[in-house]
Amino acid sequence: MLEIHDLEVGLDSEAGLVRAIDGLRLSIARRETFALVGESGCGKSMTALALMRLLPENGNVLAGRIDLEGTDTLALPEREMRSVRGGRIGMIFQEPSTSLNPVMKVGAQIVEAIEAHTELRGDAARAKAIDWLKRVGIPEPERRIDEYPFRMSGGQKQRVMIAMTLATEPDFLVADEPTTALDVTIQKQILDLLRDLQREQGMGLLLITHDLAVVSGMAQRVALMYAGQIVEVSTADEFFSAPKHPYAQALLRALPDADRRGEPLTAIGGTVPALTQAFTGCRFAPRCASAMAHCATTPPTLDALTPTRSVRCLLYVSGATPGSVRPEVSKGSQAGFDTSARTARGAADGKPLLEVKNLCVRFPIRKGLLQRTAGYFDAVAGVSFDIRAGSTLALVGESGCGKTTTGKAIVQLLRTQAVIEGRALMQDKNLFELDGAALTAARRDIQIIFQDPYASLNP
């Protein structure tokens, strides 16, 4: 259904040309789920953007073809590509906060997509939008369809993005980290929905993710990407039972496993190399525990080991002598995570640093032309906890249950949006009663790391 031939993508930067994708080859059949995996910065999302012809302004396709059932989409004029993009090829973007228009209600955005790529209009398009919001697990879809994105949690915005993409019933779907912001119950619901659509519509799916658990349950084939290149392609069963590339082996050793409970997880030393350089050998060699002397000077090619498996590694070339490991590389590849913080659990005592008592956060529900308050929605109702010096408190729950709202309320970021009741005591001062210079001083001692860096950093 989709074939990528020797795709090369470059990004202009101050440091020179970044070869984000270098010689990519993929083929995906109808009804197939093909997973593209790898660590951050390896080129997965850039592959998705190239497929949709949505590269950033400094990005260019340097070579290659992308064939969608015989049509080279890279050769289409932009006017024709608009009907392909969203109609024949749908995409679930990685960051819903930057993909949704902040000044449009979510329903208007879904209806716009439906009317652009289907025959439905007006009330029929709105009814379909409500149906899809319900299918992706948005509570009270008839009411939430008229809300703005900022009224929704990160997981709910992700579900809106998924509904908008699937409502046009595309032939092929590119899903870039589609379940990252979702809790496990909604994640299962979305994945089951994607399976049903594949069965009903014959939809092909390119699943881009770092979540190997999702890959094992969804994909028929897997491609592992590193530094802009595919380093291993195989069936999902082969990949998880007997990975061949040293990078794949290291990734699977880093997964938590019940059989290794209490042991430190394996970590891969080093980072993905800068893609502005001219490589003379294997790109993974500096981090590889099985690196040989000629790995630094001989670039490996992606060679077929069996009809269903290809690997880019010199270990599988005739005459290779695996095991000549450089000691500093081996040591870096076996680095473990520090577990000392866990053993200190329960050691904290004394007076709490922060005491939250009966925290309630109520958002107004506005209706009518003048947006008068018709009622209130209780996002947080009677939450109490305390945190002592040297201790960590985990606040967990499903998407939309009030976790982020609790954090924002404590640091007083919801004063103009919601009614806040209760107390948050820090150093005997109630944060909810502070204002001006006193609140600014308190915020130096209580910081927040936001959920979405794309929407938090000033571009």
Side-chain angles (χ1 to χ4, degrees), residues 40 153-156 179-187 210-211 213 254-269 334-363 378-415 417-435 437-453 455-457:
S40 179
S153 69
Q156 289 171 336
T179 58
T180 297
L182 306 180
D183 56 83
V184 290
T185 53
I186 298 298
Q187 184 182 93
H210 64 267
D211 191 336
L255 289 177
D257 190 293
D259 295 334
R260 293 180 287 159
R261 186 178 298 278
E263 299 178 12
L265 296 177
T266 299
I268 305 174
Q334 300 303 318
F337 292 108
D338 182 16
T339 57
S340 58
R342 301 181 105 192
T343 60
R345 185 183 297 159
D349 53 16
K351 189 175 181 180
L353 287 177
L354 176 71
E355 292 182 89
V356 176
K357 302 293 184 183
N358 297 318
L359 174 63
C360 296
V361 182
R362 307 169 69 206
F363 288 98
D378 292 330
V380 178
V383 169
S384 300
F385 59 83
D386 58 64
I387 303 176
R388 300 176 185 274
S391 68
T392 300
L393 174 71
L395 189 60
V396 300
E398 294 189 47
S399 175
C401 70
K403 306 184 298 298
T404 300
T405 300
T406 298
K408 287 183 176 181
I410 291 171
V411 293
Q412 290 298 285
L413 295 178
L414 298 175
R415 279 187 172 182
Q417 303 173 32
V419 177
I420 300 175
E421 300 171 353
R423 295 187 301 163
L425 299 177
M426 187 176 71
Q427 298 174 353
D428 296 324
K429 296 179 181 178
N430 186 357
L431 296 174
F432 297 162
E433 296 176 350
L434 300 181
D435 212 339
L439 179 59
T440 301
R443 280 176 172 163
R444 294 191 183 103
D445 295 324
I446 180 166
Q447 296 285 322
I448 182 168
I449 299 173
F450 291 97
Q451 181 178 2
D452 185 357
S456 306
L457 294 173

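Computed from a predicted model, the values in this text were never measured in an experiment.
- Between P352 and D386 the shortest heavy-atom distance is CB-CB, 3.9 Å.
- Note that the CG atom of D211 and the CG atom of L255 stand 9.0 Å from one another [nearest 0.5 Å].
- Under the side chain to side chain contact (heavy atoms under 4.5 Å, CB included) criterion, T404 pairs with K408, Q451, not counting sequence neighbours.
- Considering all non-hydrogen atoms of both residues, A409 and F432 come closest at O-CE2, 3.3 Å.
- In terms of heavy-atom proximity, K403 sits nearest to G397 at NZ-O, 3.0 Å.
- Taking each heavy atom of N430 and G422 in turn, the nearest pair found is ND2-O, 4.3 Å.
- One finds the CG atom of L395 at 7.0 Å from the SG atom of C401 (value rounded to the nearest 0.5 Å).
- Taking all atoms of both residues into account, the shortest heavy-atom contact from V380 to G402 is CG2-O, 3.7 Å.
- Counting heavy atoms of neighbouring residues, nucleotides and ligands inside a 6.0 Å radius, atom CZ of R415 exceeds 12 of them.
- The minimum heavy-atom distance linking G382 with C360 is given by the pair N-SG, 3.3 Å.
- The one candidate from L393, I410, L425, L431 that meets the side chain to side chain contact (heavy atoms under 4.5 Å, CB included) condition with V356 is I410.
- Panel note: side chain K351, backbone Q427; no donor-acceptor pair is recorded below 3.5 Å.
- Going from atom CG of L354 over to atom CD1 of I387 covers 5.0 Å, rounded to the nearest 0.5 Å.
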Acceptor/donor pairs from residues 437-449 side chains to any protein atom, 3.5 angstrom cut, sequence neighbours excluded:
unit_1	atom_1	unit_2	atom_2	d
T440	OG1	G436	O	3.2
R443	NE	V411	O	3.1
R443	NH2	V411	O	3.0
R443	NH2	Q412	O	2.6
Q447	NE2	R443	O	2.7

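- No side-chain donor-acceptor contact under 3.5 Å links Q417 to the backbone of L414.
- Taken from CD in E398 to CD in Q156, the straight-line distance is 10.5 Å, to the nearest 0.5 Å.
- Annotation for K357: atom NZ counts as buried by contact number, over 12 foreign heavy atoms lying within 6.0 Å.
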